[in-house]
Amino acid sequence: MDRRQVTIPASRAPSGRAWRAKGDRFRVRKPPTADQADEPTGDLAQITPPKRAAAGVPAVTHALTYSLAEASVTHTALTLLNMNQTKGFDCPGCAWPDPDPGSRHVNEYCENGAKHVNDEATGRRITPDFFEKYSVTELGRSSDQWLNQQGRLTQPMVKRPGSDHYEPISWHDALGLIARELQGLDSPDEAAFYTSGRAGNEPAFLLQLFARLFGTNNLPDCSNMCHESSGAALHETLGIGKGNVSLKDIYHADLIISLGQNPGSNHPRMLSALEKNKQRGGRIVAINPLPEAGLIRFMNPQTPRGVIGNGTRIADDFLQIRLGGDLALFQGLNLLLLEAEDAAPGTVLDRAFIDSHTNGFAEYAEHLRTTVSWPDVLAATGLTRAQIEHLRDLVLTSERIVLCWAMGLTQHKHSVPTIREMVNLLLMRGNIGKPGSGVCPVRGHSNVQGDRTMGIWEQMPQQFMDDLGREFSFTPPAEHGLDTVNSIRAMREGRIKVFLALAGNFVRATPDSRATEEGIRRCRLTAHISTKLNRSHTVCGETALILPTLGRSERDYQAGGEQFVTVEDSMSQVHASHGRLAPASKHLLSEVSIISRLARRTLGEGGTVPWEQFEAHYGSIRDRIARVVPGFQDFNARVVQPGGFPLPSPVNEGVFPTDSGKAEFTRNAFEALHAPPGHLILQSIRSHDQWNTVPYTTNDRYRGIHGSRRVVMVNPRDLRTLGLADGDRVDLVSVWRDGVERRAEDFRLVAYPTAVGCAAAYYPETNVLVPLDSVADVSNTPTSKGITVRLERLDDPTPEMA
Ligand SMILES: Nc1nc2c(c(=O)[nH]1)N[C@H]1C(S)=C(S)[C@@H](COP(=O)(O)OP(=O)(O)OC[C@H]3O[C@@H](n4cnc5c(=O)[nH]c(N)nc54)[C@H](O)[C@@H]3O)O[C@H]1N2
Ligand SMILES: Nc1nc2c(c(=O)[nH]1)N[C@H]1C(S)=C(S)[C@@H](COP(=O)(O)OP(=O)(O)OC[C@H]3O[C@@H](n4cnc5c(=O)[nH]c(N)nc54)[C@H](O)[C@@H]3O)O[C@H]1N2
Ligand SMILES: [Mo]
């Protein structure tokens, strides 16, 4: 073991606390907090060189090993064979679309999808004696991984004021308790209703309807921390909040630029689509501070070539950009395009498209010509001018371009201008609304896009509110509600008293863990509709409720017979998801049942909404969605067709629903991230073996990290400059203008080929470092990929003192 830092087991330490040597002093270690509880420390980490290819046989074996640890052989097989088939259930993993019904593979899932579904289909159960055994405080000290491993939640539980244990409660009493708390509020705006993108369309539609009937637009969701910046930028420029490409466009693009995403771990099935593109002669450029395995090479586990051979090389070009450098890159690139047009007029810009479909080109061109400074661009990106010129050449020789991106672009202060600037490129080239081209924000949760379509947004457009009000004969609240960051602020100020969550893990997903925890603990009541135990059940309000629910993979029987839900994937395809497995417990209610019953108890019987009918026949919910939400006409008839149906994208018909009716060029001020000397910019990322806030193991196979998640990846050059070495133990201390010290303790340094100046560590362990007020302009998304930190080495202890 590394002797630099020694932890004395709690049993040997005075007063039962763990002590840690620091320099020549002992420092009392505070009781473990959520971000470090019971986790293997960094000294247990084993490091091997990062992998150069993703997937292949090891991936399949790996998925099966994880699955079999959770469930039996037949259960595993049954589960996986039903996933992503037209009569089966939608993978509860990412939102990447399924191929057309005819061309689906028997095993239409990826390694990680298999892990996600088996995590839900686990054979382990949490029963009331579990909560007798462990107090809430004890559970609060356990790691996220351990909490998740305890199995499926099976019965409603309540933690009453002053008690440190959850105890069983009937569904009737649990829902009555929430209803009473809600009715007792001084204003409906003292409640907030959170949604995570796992929830299907029907429960999401009902939740927003219930919240608005109750009288509030406080509908924070995971999207606020995810693709909100994409929605904001695309709304402003194209008038749509989503992407406009289909799988076919991905197959047929001449050039795909993938920015700020790690598809090998987070959207593995995207790699099959990229492989198809390559086979047709397309070119792919990866832009990322990290050389992510899947972007470099892909071994398709579903083809013999992938299993036996070396796989397909995915990226023709890899630009190792600095964190937050993409805005500068696109400003430089777009200026080069203007100059290329100057040199050969009529060959670069799509004049016809610009003239008929866009606004503001002349001003935009003038802005670029007068503001772009190459030294600034090169400093911000860490790239050479030759690299950017090469990218320009690829653009110039590509008729059809698709831009794909995920969290690496959306979680920075200047995310919205960055995405706007990317849209500028597509507009100049006429690459919006033309087959094989367009914008592709790659969504995270399987139904995060659908939840938004269903009205889960604190600021839904007035048209939606009017249609909703007309359909259910009420006047929805006029004021915009609170998003995630503003909900936390309101909790801390005592303005939110009741918090209800439909799926997710709010306290771990959100920034500034200490501040969020403080806010949550101030609530009178917190209630979570959940499948698995997580930190949000242990850091909770004065009264707390666990409302256990059916998972996506499970059969859902109601008074009207067996029901299914629907979801919308990242490419706006809406389809059905039929649970196929037996429910984890006979006490579980579906999400639709819980919300319908809660609404009846809170709002009283006999209103304008047939909650009982909704609960019995989900088709009756879809009939209403069809009348309120654009694009859903004949919803029930169309969704039962194999593969479902696509929602129309107006921009593909040449219609831009912006105020001006045209696509907007935008002028964006140059912005980049700068760390003061001795500091680095830190991004918080997912490992290969986690689903958001839930780590499945402590391994990150493709990056070569095993045995611990408390590691921080730093470029060897930065290590030298900072006087640090691979293997050193450090605290990460975030530096922010409010002067508050935010510290993530005890990480192992790993020398890693990340861009210079740009460190990486895992989420959610590092959420404690993200200041609540450090948010993206316009979208209010926490800046989880741009945190200024310094690394404080844990000094050598004197061994005798340990
Ligand atoms: N297995 C698995 N799959 C998942 C999830 C999961 O947790 N596990 N989560 C789902 C969800 S909700 C989401 S939103 C997606 C997230 O999918 P990703 O966005 O792929 O997830 P992250 O791990 O946050 O990775 C961010 C990537 O962006 C890069 N990056 C960071 N900053 C910058 C930058 O400034 N510029 C550029 N060009 N690149 C940058 C990082 O190096 C990293 O490769 O995945 C979904 N799928
Ligand atoms: N620092 C940092 N913070 C981040 C991010 C980051 O990259 N860095 N990423 C952000 C992003 S992109 C996102 S999307 C959020 C994710 O935030 P969330 O969506 O809130 O978090 P998850 O970890 O996906 O939630 C997992 C929990 O959902 C529950 N669950 C799972 N399936 C179901 C179901 O079918 N029904 C119900 N009712 N419950 C279910 C389980 O109890 C499980 O414990 O985190 C954000 N936070
Ligand atoms: Mo996400």
Side-chain angles (χ1 to χ4, degrees), residues 92-96 110-113 115-116 119-120 144 147-148 153 194-200 203 221-227 258-268 286-290 292 295 319 321-326 329 405-412 415 418 442-446 448 484 501-511 528-537 547-554 591 594 673 681 683-694 696 754-755 758 760 762-767 769-770 781-787:
C94 76
W96 190 257
C110 69
E111 169 195 1
N112 274 347
K115 281 191 272 181
H116 306 321
D119 191 66
E120 177 175 298
D144 298 300
L147 291 172
N148 176 61
L153 295 160
Y194 175 73
T195 306
S196 155
R198 194 60 89 83
D221 69 351
C222 70
S223 209
N224 298 144
M225 299 174 271
C226 187
H227 266 294
S258 156
L259 303 110
Q261 59 166 162
N262 175 22
S265 292
N266 297 326
H267 307 95
I287 302 183
N288 202 305
L290 296 174
E292 306 284 27
L295 291 171
L319 299 185
I321 197 165
R322 294 212 168 135
L323 288 168
D326 308 83
L329 170 66
W405 71 91
M407 295 306 99
L409 288 206
T410 62
Q411 298 176 334
H412 284 296
S415 285
T418 302
V442 182
R443 300 281 164 173
H445 269 298
S446 49
V448 62
T484 293
L502 173 58
N505 184 4
F506 189 81
V507 302
R508 288 303 266 161
T510 44
H528 287 87
I529 303 175
S530 313
T531 51
K532 304 281 297 268
L533 189 64
N534 63 42
R535 179 85 48 209
S536 298
H537 305 118
L547 308 172
T549 192
L550 293 175
R552 176 89 53 89
S553 56
E554 290 167 338
E591 292 169 339
I594 296 170
L673 300 177
I681 305 288
Q683 62 157 327
S684 55
I685 47 170
R686 294 156 173 78
S687 77
H688 187 66
D689 267 9
Q690 75 183 81
W691 177 264
N692 292 338
T693 64
V694 180
Y696 298 147
T754 171
C758 305
Y762 299 121
Y763 136 72
E765 288 82 351
T766 48
N767 286 39
L769 298 171
V770 187
T781 295
T783 59
S784 307
K785 298 289 191 275
I787 315 158

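Each ligand, and each atom within it, is numbered from 1 in the order the structure gives.
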Quick one: look at Glu591 and ligand 2, take heavy-atom pairs under 4.0 Å, and tell me if it's side chain, backbone, both or neither.
->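 Only the side chain of Glu591 comes within reach of ligand 2.
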Where is the nearest protein heavy atom to [atom]: which residue, which atom, and how far?
atom	result
atom 39 (N) of ligand 2	Ala503 CB, 3.2 Å
atom 18 (P) of ligand 2	Tyr194 OH, 3.5 Å
atom 47 (N) of ligand 2	Ala509 O, 2.6 Å
atom 23 (O) of ligand 2	Thr693 OG1, 2.5 Å
atom 25 (O) of ligand 2	Gly504 CA, 3.2 Å
atom 16 (C) of ligand 2	Tyr763 OH, 3.5 Å
atom 8 (N) of ligand 2	Ser684 OG, 3.1 Å
atom 7 (O) of ligand 2	Lys785 NZ, 3.0 Å

Non-neighbouring partners of Ser196 that pass side chain to side chain contact (heavy atoms under 4.5 Å, CB included), sequence neighbours left out =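 Once residues adjacent in sequence are excluded, the partners of Ser196 under the side chain to side chain contact (heavy atoms under 4.5 Å, CB included) criterion are Tyr194, Arg198, His445, Ala503.
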Run down the list [options] and name the one with the heavy atom closest to [atom].
atom	options	answer
atom 33 (C) of ligand 1	Gly408, Pro263, Gly444	Gly408
atom 37 (C) of ligand 1	Val694, Asp326, Leu329	Asp326
atom 3 (N) of ligand 1	Ile681, Asp689, Asn266, Val442	Asn266

Pull out every atom of ligand 2 sitting under 4.0 Å from any heavy atom of [X], numbered as shown with elements.
X	value
Ile529	37 (C), 38 (N), 39 (N)
Trp691	23 (O), 24 (O)
Asn534	27 (C), 42 (O), 43 (C), 44 (O)
Ser196	18 (P), 19 (O)
Thr549	36 (N), 37 (C), 38 (N)

Output the list of atoms in ligand 1 that are nearer than 4.0 Å to some heavy atom of Gly260, sorted by atom number.
->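 With Gly260 as reference, the close atoms of ligand 1 come out as 19 (O), 27 (C), 28 (O), 29 (C), 30 (N), 37 (C), 38 (N), 39 (N), 40 (C).
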Should you measure from each heavy atom of Cys226, which atoms of ligand 1 turn up under 4.0 Å away?
->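 Listed by number with element, the hits are 14 (S).
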Would you call the rings of His116 and Tyr696 parallel, tilted or perpendicular, where under 30° means parallel and over 60° means perpendicular?
-> tilted
What pair of heavy atoms forms the shortest contact from Leu323 to Leu673, and how long is it?
->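 The answer is O-CD1, 3.7 Å.
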Is Arg686 in contact with ligand 2, taking contact as a heavy-atom separation below 4.0 Å?
->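 Yes, that is the case, since the closest heavy atom of the residue is under 4.0 Å from the ligand.
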If you measure every N/O of Ile287 against every N/O of ligand 1, is any gap under 3.5 Å?
-> yes
Answer yes or no for Lys115: is there a heavy-atom contact with ligand 1 below 4.0 Å?
->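 No heavy atom of Lys115 comes that close to ligand 1.
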